[in-house]
Structures are given as C-alpha cells and as structure tokens.
2 protein chains.
Amino acid sequence: MNDTVPTVPNRLKPRKKPIQARSGATVEAIHEAVIQVLLGEGLTRPTTTRVAERAGVSVGTLYQYFPNKQALLFAVLISHFEDMVAAIERIDVSGPKRPLANLAGDIAEAYVSVKLARPDATTALYRVAGAIDQFRLSTDVYQRLKAAVIRVLRHASNASFDDLDRVAFTLLSALAGLSRGSFGALVSGPEVLERLGDEAFLLCKAYLEAACVENRQS
Amino acid sequence: MNDTVPTVPNRLKPRKKPIQARSGATVEAIHEAVIQVLLGEGLTRPTTTRVAERAGVSVGTLYQYFPNKQALLFAVLISHFEDMVAAIERIDVSGPKRPLANLAGDIAEAYVSVKLARPDATTALYRVAGAIDQFRLSTDVYQRLKAAVIRVLRHASNASFDDLDRVAFTLLSALAGLSRGSFGALVSGPEVLERLGDEAFLLCKAYLEAACVENRQS
DNA sequence: AATATATCTGAACAATCCTTCAGTTAGGAA
DNA sequence: TTCCTAACTGAAGGATTGTTCAGATATATT
C-alpha cells in the first residue's frame, strides 16, 4: 500500500526523552551501531534489526527512541553536522582581525579535521546519506553551518564580501565535493586523503580571495 | 539468505546486444523511465516493476537488457557521465593556446550546461546515485573525464601544472560539490541555479590560477 | 507459407525488511 | 519489601520488491 516515501517524515525527533541514565547510553550506542554496521564486511545495509543487534539491544528498544528508520539515519547525519558546526565555531575570532588567507586555512583545517577524525566513519556516513530517500539537509543545522563560516569570514582584515551567504554556500559545497571525492577515491589508495588537507586549503584560499572585495592590505 | 550486497555486481553489461531495431529503442525508453519514475509524485523509488511499467514494457523485458537492478541504475548514471565527458571533450583546443581564465570559463560552462540541460533529470540522477549501494564511479568513465579536463588544461598559454591529475581531480570534485549543493538547495528557490554558472566559473578560475605554476603572460 | 529466432509477457516465488505490541525485566520511591 | 513505572524483549504481521521462467507474440529467413 505504501507506494511512496513520506514527503516529510512524520516524526524525526526521538520518541522519548531519556529519564534514566541507561537510556542515554543506549541512544549513543545505537548511533554508533549504524556506523559499525555500515563498516561491516560485505557492504551490509543498516537494517533496523542489524543496527539494534550491533548496539546490543532489541529492535523494540530502537523503536522507543526513533519513530522509524529514516529518523534514525537522519539523526546520525545531523549529529555529524553538529560536529562540523562545532569545529568551525571553534575557530578563534576573538583577537585582532586576520588576513583572509589565514582564515581560509583555519576553515579548511577545521573542515578536513572533522572528516579525517574517523575516516571509516566518514565513509559510512556517505552511505547513510545515500540510504535516506530524500536527504535534504535540515535547514536548521545547515543555516548554522553557514552562519559559522560567515562569522569567520567577517573577521578578515584585508577583505570584505558582497554576498556572504552566497560565498559561504559555495565554499561549503566545494569543500563537501572535494571531501566526498577524496573518500570516494579511497579505493585507489590512501594518498588521496593525505592530499585532502592541502587541496582543501588551496581551494578555500583561492576561492575566497577571488570572491572578496579586496581592501587595503593591513 | 542474501544478507549482503554483492561487492561487485556480477554483471554490469547489458544482457544482450540489440539485434533488431525495436530493442534499441526499448533500452533508451527504460533509461528514461528511471528518471521519470524518480520525478514522479511522492518521491517514488525506482522499482523494477515501476520502471518497466513507465517504459511501457514488462519486467521480463527489462531483465533481458539488465542483469539486475543495480546494473540498470549504474547504466543510467554512466550514461550521464558520458554526456559530461563529451561536453568537455567538445571544448576547442585546436587553435592557438589560450589564457587560463579563458579555459576555466569553458570548463565551468561545459560542466554546468550539462547539469542544467535538464534540471529535473539532474535532480533525479542524484537520487539514482543514492539508490546504488556502492557507488564507486566506474574507473573507466572517470578516468576519461579527468583526461578530458587535462587535455584542456594543457592548452593554457600562460600557465602549466605540476600535477595535472591532482588538479583535475580537485577541480571536478569541487564542481560536483557545487552542483550537488545547488540542486539540493533547490527547495529554497530556483535562484541558486541561476547563480550556479557564475559561481562555477569563479571557482574554476580561482582554483586553477592558484594551483598552476604561473608562466610569463603571453 | 512455414519455420526459426528474437523479443516480450506477467504471474508466481522467495527473500528481506519495517514496524507493532503483549509481555518481561530493571530501577527508583515509599 | 512492595509497588509503580521506565526500559527492554523479540516473535509475528504485513507489505514491498528483485528475479525467474514457461509460454505467447512479433520479426526475419527460407
């Protein structure tokens, strides 16, 4: 009967708030289990039963925290994006303004460091995104990600931007592409990941310096 | 029993070569049907039965040309990449060498034009990629895509590159990311697609000029 | 026209998977 | 300890989907 995929998942929020301590650990275990299943031998798909099993709980338990499979996968992805937001918000903009090239380096490094923190998990996450029928980045997290980048860009001493939103969008998209490409090309050897950092920096620096309205250099 | 996804699809090539004329049309119809199904209301998934139905044939017929569903989806994607390769190979490098910024414009335009030729189809294709369990770009097409870009880069009058392969890879990845991002952000309005061309050009130009070993300007 | 071959059909099969729920176990409060 | 409720269990249901194959139909050949 269900011939289609719901345009908008009915519920994406956890079914219940953890009250006792153990339940918090359970949610985390389930999140991690999704990754682990994806990393398992033979391109195993993140079945609800398999994820639950890997997390050491039963399917019923899983369904106490996630209304459906989509919501589960979604939550895992969002969690990853939260890490990314946090990493970029951690860039220091408290001191005196800095040259654009400098900030470009910080952004590139923050971005890449999150992706490289757990290369296997990153690879798995790309497959999670694929397993979601309609993966439109929740506007909320993505807006915050853009905002975090914009906040850094404002701190440039020698440049300003006409359309900060547009620049942040292009920058993030390009970085996402480079990262995805690099992890996708992993089969041809791990050296792509070594070059990822350098190329990300080069890309950020070049694009930002081209997209900005150059000021007097301080 | 089949708990996993086959690491390598057993057969990705068409099951039979078209001998009579009608079969050629059938294959094309099936390809198009995949897109059409994906574009249908309610995020319909490309089921073998649904695709066949949309193509005006029966499932059995479908299975005469594709050994399995994976192969079908794969073929559709490859076909899209062939278009991209062709578009980039169409860039003129017969005349005298040209400035890098010029070539960057050609590459960006070729790339974007393919994606924008049928925006709806492009959107659908991203979902096709997601529906493939392990989408590792067939080395063959991708190598040719890179080669096509490299061929253009060699034609620069005022620049040369240390590592052409690496530059082409990063460029294509960044473009892919920008494109995917733009089509993904389509919900927020069609203006992203209008900016896509400009941003792609800016990105190409900036990155290439930063990645090259600059020569004397002719 | 008759025969051979290519192409197509679609019901049936087998497998997988998401989701539910009635019942059980564990934790905290009184 | 006793009771209440939170947390967990996992077999069963219901639905979808990939794939096959024996027979029907169309095209080419003699």
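The shown structure was predicted, so the numbers you read here are calculated from the model rather than taken from an experiment. Each chain gets a letter, A, B and so on, in the order the sequences are listed, and its residues count up from 1.
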Nearest-nucleotide 5' precedence on DNA chain D, B/Lys69 against A/Leu62 = A/Leu62
inquiry  = Nearest 0.5 Å, please: how far is CG in A/Asp120 from CG in A/Leu125?
reply    = 9.5 Å
inquiry  = How long is the straight-line distance from OH of A/Tyr65 back to CD1 of A/Ile30, given to the nearest 0.5 Å?
reply    = 7.5 Å
query = Counting only N and O atoms by type, is there a donor-acceptor contact under 3.5 Å from the side chain of B/Arg151 to the main-chain atoms of B/Glu89?
reply = yes
request  = Could you state the atom-to-atom distance from CZ of A/Phe66 to C1' of D/dC8 in whole Å?
outcome  = 15 Å
Could you list all N or O pairs between the protein and nucleotides 10-12 of chain C that sit under 3.5 Å apart?
from   : atom 1 : to      : atom 2 : distance (Å)
C/dG10 : O6     : B/Gly60 : N      : 3.4

query = With respect to the side chain of A/Val57, which nucleotide from C/dC18, D/dT17, D/dT9 is positioned closest?
reply = D/dT9
message = Using only atom types and a distance under 3.5 Å, with no angle test, would you say the side chain of A/Ser182 pairs donor to acceptor with the backbone of A/Leu178?
response = yes
ask   = Whole Å only: how far is the CD atom of A/Glu53 from the C1' atom of D/dT9?
value = 14 Å
task = In whole angstrom, give the distance that lies between atom CG of A/Leu73 and atom C1' of C/dT19.
result = 15 Å
ask   = Between C/dT5 atom C1' and B/Gln64 atom CD, what is the distance in whole Å?
value = 12 Å
Nearest listed nucleotide, side chain of B/Arg50, among C/dT7, D/dC8, D/dT17 = D/dT17
ask   = What integer distance in Å separates A/Arg45:CZ from D/dT17:P?
value = 12 Å
inquiry  = Under a 4.0 Å threshold between the charged nitrogen and the carboxylate oxygen, would B/Glu199 count as salt-bridged to A/Arg166?
reply    = yes
inquiry  = Would the distance check show the side chain of B/His155 and the main-chain N or O of B/Gly95 forming a donor-acceptor pair, the cut-off being under 3.5 Å?
reply    = yes
request  = Taking only the side-chain nitrogens and oxygens of B/Thr49, find out if one of them lies under 4.0 Å from OP1 or OP2 of D/dT17.
outcome  = no
request  = Calculate the interatomic distance between B/Ile132 atom CD1 and D/dG18 atom C1'; express it in whole Å.
outcome  = 15 Å
query = Rounded to the nearest Å, what distance is computed from the CD atom of residue B/Gln70 to the P atom of nucleotide D/dT19?
reply = 8 Å
ask   = Side-chain N or O of B/Thr47 less than 4.0 angstrom from OP1 or OP2 on D/dT17?
value = yes
ask   = Taking atom C1' of C/dC17 as reference, at what distance in whole Å does atom OH of A/Tyr63 sit?
value = 9 Å
message = Tell me whether A/Arg54 is salt-bridged to A/Glu32, with the criterion being a basic N under 4.0 Å from an acidic carboxylate O.
response = no
